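Accompanying notes for the structure given below.
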Amino acid sequence: MSRRKPTQRDLDLLAMPSIASQLPVRFENKTAWYEFVGECRGCNQPIPDEHLRGAVTRPAQRCFTIEASGYCAECKSITRFLLRLHDDLTASGPMNGVWQTWKPERKSVFSWLLRLLKPTR
């Protein structure tokens, strides 16, 4: 994969606070988004929170937007992110030039039950 030159917007976003420091975001219906994990487009590794920076804004009552750039120290590349977080716990964003919507993975009842039954020390 060829590395593209960072744009001014990439650099502006990297100069902003970490996305992690701007979370969680909470909606009036009591739903919340607690974390955002960005993956490097160059090497598919998670980008550490301190290198994933940008802005979390609220353009509408039922939606927050994350616009961020993440710096990957592994492959020395920058990945741009644009994501909308919705109050129904779906997320949407551009993929291959088309806006997509994703639903969160739900853990099975069985794994939830096992976690409840696991003894704590």
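The structure presented is a predicted model; accordingly, all values stated were derived computationally and were not measured.
- For H51, the side-chain contact (heavy atoms from CB on, under 4.5 Å) partners two or more places apart in sequence, or in a different chain, are I47, P48, Y71.
- Counting non-hydrogen atoms of other residues, nucleotides and ligands closer than 6.0 Å to CD of E50 gives a total above 12.
- At distances below 3.5 Å, not a single donor-acceptor pair connects side-chain atoms of R84 with backbone N or O atoms of A91.
- Across all non-hydrogen atoms, the minimal contact from P24 to Y34 is CB-CD2, 3.6 Å.
- No side-chain heavy atom of L89 sits under 4.5 Å from any side-chain heavy atom of K103.
- Interatomic distance, L85 CG to F36 CZ, rounded to the nearest 0.5 Å: 8.0 Å.
- A heavy-atom distance below 4.5 Å is not found between the side chains of L83 and W33.
- A side chain to side chain donor-acceptor pair (under 3.5 Å) with S69 is found for one member of D12, D10, T79 and no other, namely D10.
- Put simply, I78 and V37 are part of two different groups of oily side chains (I, L, V, M, F, W, Y) that touch within less than 4.5 Å, one to the next.
- For the pair F64/H86, no side-chain contact is recorded, criterion being any heavy-atom separation below 4.5 Å from C-beta on.
- When all heavy atoms are compared, the tightest approach of P94 to L82 is CD-O, 3.5 Å.
- For CZ of R80, the number of neighbouring non-hydrogen atoms (other residues, nucleotides, ligands) closer than 6.0 Å is greater than 12.
- Both I66 and M95 are members of a single hydrophobic cluster when ILVMFWY side chains are connected at heavy-atom separations under 4.5 Å.
- Of the charged side-chain nitrogens involved, at least one lies within less than 4.0 Å of a carboxylate oxygen, so that R9 and E67 count as a salt-bridged pair.
- Looking only at side-chain heavy atoms (C-beta outward), V56 and V25 come within less than 4.5 Å of each other.
- Nearest heavy atoms, C72 versus C43: SG-SG, 3.6 Å.
- Residues L13 and I19 do not share a hydrophobic cluster, clusters being chains of Ile/Leu/Val/Met/Phe/Trp/Tyr side chains in contact below 4.5 Å.
- A donor-acceptor contact closer than 3.5 angstrom is absent between the side chains of T31 and D87.
- With a 4.5 Å cut-off on side-chain heavy atoms, Q45 and E39 do not count as touching.
- For the residue pair A32 and R26, the shortest heavy atom distance occurs at CB-CG, 4.0 Å.
- Ionic pairing of R58 and E28 is present here: one or more N-O contacts between side-chain nitrogen and carboxylate oxygen are shorter than 4.0 angstrom.
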